[in-house]
Structures are given as structure tokens and as C-alpha cells.
Amino acid sequence: MRIYRAKDYNDLSRKAANIISAQVIMKPDAVLGLATGSSPIGTYKQLIDWYKKGDLDFSEVKTINLDEYKGLSPEDEQSYYHFMHTNLFDHINIKQENTNIPNGREEDSEKECNRYDNVINECGGIDLQLLGIGSNGHIGFNEPGISFDKTTHCVALTENTIKANARFFISERDVPRYAYSMGIKNIMQAKSILLIASGERKADALYESLFGPITPAVPASILQLHNNVSIVADEEALSRVLADHDIISGGQIS
Ligand code: GLP
């Protein structure tokens with residue numbers, strides 16, 4: 001695991017975008033696993049900027065998003081479909097048919113989860129999976145207590161996550177209670193993983209995930225067992241890690 005220390009959110013966003021760009025440049029038909037939330041917005045902005053400058057080409061790239069709220073349609077402004085289009089897809093030359101997001105409108109959970117697992121398999125697996133982290137250590141919508149061998153599944157969101165995500169909705173009551181999410185097994189099968197974390201509110205979750213016991217109580221702690229993980233985090237998110245460890249150049253910790 002490599003941990004890259006960023007000065008602040010802008011620095012984090014540029015570093016993360018550099019890692020994603022390197023993947024796209026080295027493999028123009030890469031399969032990118034993408035995330036939503038506030039953390040990746042700056043990374044996506046930077047990728048759009050480099051695309052507009054002619055430095056990046058997404059014409060052969062495929063994307064598979066981590067999750068979607070169950071019950072929201074693509075037209076819903078709070079849907080992750082809408083988020084991805086507004087924050088990335090509508091500004092780059094990716095082909096719509098190469099983008100994948102769980103279908104929030106599908107009421108039959110088993111059918112949708114099987115379909116999504118097939119999408120991931122048919123793409124040949126994910127080359128680089130981008131992840132944010134919830135303040136309770138969740139990744140995608142894999143909430144504490146989740147079994148590590150789950151593939152795509154329907155999740156009942158925890159109160160903690162409903163509260164944290166309420167800022168994107170008119171009120172907490174409007175936050176959907178269920179979501180479709182790739183499982184930990186899908187995430188762990190990605191060839192490489194890039195986790196980004198910004199702000200003090202992530203400091204405990206990040207510390208526990210990187211240095212605590214590997215336990216379903218902290219879903220991101222499973223990443224300790226993946227052989228190709230990069231963490232890019234700002235100093236606030238790393239505050240607890242930095243109290244115990246030095247992060248030296250090249251992302252190594254001592
Ligand atoms: C949501 C998403 C996660 C994301 C998390 C953190 O619950 N499902 O994929 O990582 O929120 O969000 P933020 O980056 O806004 O803190």
C-alpha cells in the first residue's frame with residue numbers, strides 16, 4: 001500500500017487525477033471503476049481540464065460506477081447517474097454506451113445485482129477502482145458489518161450514511177433508504193485501487209482502515225489485503241496517521 005500525502009483538497013485532486021491519467025494513457029481502453037460523493041469532484045474537474053487541453057482521450061475508456069440509490073431515476077438530480085454526467089461524462093469524449101451505473105429504477109434487486117455483476121465480468125474486470133471513504137469506513141455503499149465476500153447487492157443505508165448524505169438532498173427524509181452497490185468482492189478484484197480522502201471528518205476512518213484490524217466493522221480495512229492500493233489523502237484526513245507515522249517520498253510510510 002502506498003500513501004501519498006497531499007497538502008490540501010486541490011493537491012489531492014491533482015495527484016489522484018495524475019494516477020487516473022497515467023492509467024488511461026498506458027491503457028487507452030482501460031476499465032475505470034468510478035465513485036461519487038464530494039471527494040472525487042476535484043479529481044474529475046482536473047481530468048476534464050486535461051481532456052480539454054488535448055492531453056487525455058476517453059474514447060475507448062469504459063467506466064463502471066460503484067453504486068446508485070435504489071428508487072431514483074437518472075433524471076433525478078440526486079441520482080449518481082446525474083452526478084456522473086454533470087461532473088464528468090458530459091464534459092469528456094466518453095461514449096455513453098461505455099459507461100455503467102446500477103439502474104436505480106429496477107425494483108427487482110436480485111435481477112439488477114446479477115445484471116451488474118455480469119456487466120463487470122463482461123468488461124474483463126476493473127483496471128483502476130477509484131474510491132472515496134465514508135466517515136464510518138464504508139466504501140461504495142458497503143456499510144459496517146458487510147460480509148467481505150458480497151458481490152453487487154442491495155444495501156439498507158445506515159443512519160450515519162443517511163445523515164452524511166442528507167446535505168445533497170432537500171431534507172434527511174428525502175434520502176433514499178436503499179442503494180445498489182458493488183460488493184467488497186468486486187472491489188477487491190480490481191487490478192488496482194485508488195482511495196482518496198479529504199478533511200478531518202475522515203481522519204478516524206482512514207486511520208482505522210489503514211492501521212486497524214481487518215474487520216467488516218470497518219469495510220475499507222479489507223484494502224490492507226489488496227496488493228495494489230494507492231491512498232491519496234490531504235493532511236487533515238491524514239492527521240491521525242501522521243501522528244504515528246512519517247510519510248516519505250514515493251508514498252512509503254515509516
Ligand atoms: C457515499 C458514496 C461513497 C462515498 C461516500 C463519501 O456514501 N456511496 O462512494 O465514498 O459517500 O462521500 P464524500 O466523498 O462526499 O465524503
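Given the structure is predicted, the values throughout are model-derived calculations rather than measurements. Every number for a ligand or one of its atoms is a count from 1 in the order of the listing.
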Report yes if some N/O of T161 lies less than 3.5 Å from some N/O of ligand 1; otherwise report no. no

Is the closest N or O pair between T36 and ligand 1 shorter than 3.5 Å? no

Output the list of atoms in ligand 1 that are nearer than 4.0 Å to some heavy atom of Y80, sorted by atom number. 1 (C), 2 (C), 8 (N)

How does I133 reach ligand 1, by side chain, by backbone, by both or by neither, if only non-hydrogen atoms under 4.0 Å count? backbone

Quick one: which of G132, P40, G140 has a heavy atom closest to atom 9 (O) of ligand 1? G140

Please check: side-chain N/O of D234 versus main-chain N/O of G199, any donor-acceptor pairing under 3.5 Å? yes

What residue and heavy atom of the protein are closest to atom 5 (C) of ligand 1, and at what distance? H138 NE2, 3.6 Å

Are any of the side-chain nitrogens in D127 or K191 under 4.0 Å away from the carboxylate oxygens of its partner? yes

Protein contact to atom 12 (O) of ligand 1 [nearest heavy atom, distance to 0.1 Å]: G37 CA, 4.0 Å

Between H91 and T86 (side chain of the first, backbone of the second, donor and acceptor by atom type, cut-off under 3.5 Å), is there such a pair? yes

So is G134 polar-close to ligand 1, meaning N/O to N/O under 3.5 Å? no

With heavy-atom distances below 4.0 Å as the criterion, list the atoms of ligand 1 near F141. 7 (O), 8 (N)

Does R167 reach ligand 1, in the sense of a heavy atom lying below 4.0 Å from it? yes

Which residue and non-hydrogen atom of the protein lie closest to atom 8 (N) of ligand 1, and at what distance in Å? D67 OD2, 2.8 Å

I want to check something: taking the side chain as every heavy atom from C-beta on, are P102 and K70 in contact at a cut-off of under 4.5 Å? no

What I want to find out is whether K15 reaches D11 closely enough, with some N-O distance under 4.0 Å, to be called a salt bridge. yes

Tell me, which protein residue and heavy-atom name are nearest atom 14 (O) of ligand 1, and how many Å apart are they? S39 OG, 2.5 Å

Assign the ring pair F169 / Y69 to parallel, tilted or perpendicular, where the plane angle (0 to 90°) is split at 30° and 60°. perpendicular

Answer yes or no: is there a side-chain heavy-atom contact under 4.5 Å between L130 and I196? yes

Could you walk me through whether E60 and K95 pass the salt bridge (Lys or Arg N to Asp or Glu O under 4.0 Å) check? CA-CA 8 Å; E60 299 307 320; K95 294 178 184 132; 3.5 Å; yes

Pull out every atom of ligand 1 sitting under 4.0 Å from any heavy atom of K202, numbered as shown with elements. 13 (P), 14 (O), 16 (O)

Determine yes or no for a side-chain-to-main-chain donor-acceptor pair under 3.5 angstrom, with N142 supplying the side chain and I139 the backbone. yes

With a 4.0 Å heavy-atom cut-off (strictly under), which part of A35 contacts ligand 1: side chain, backbone, both or neither? neither

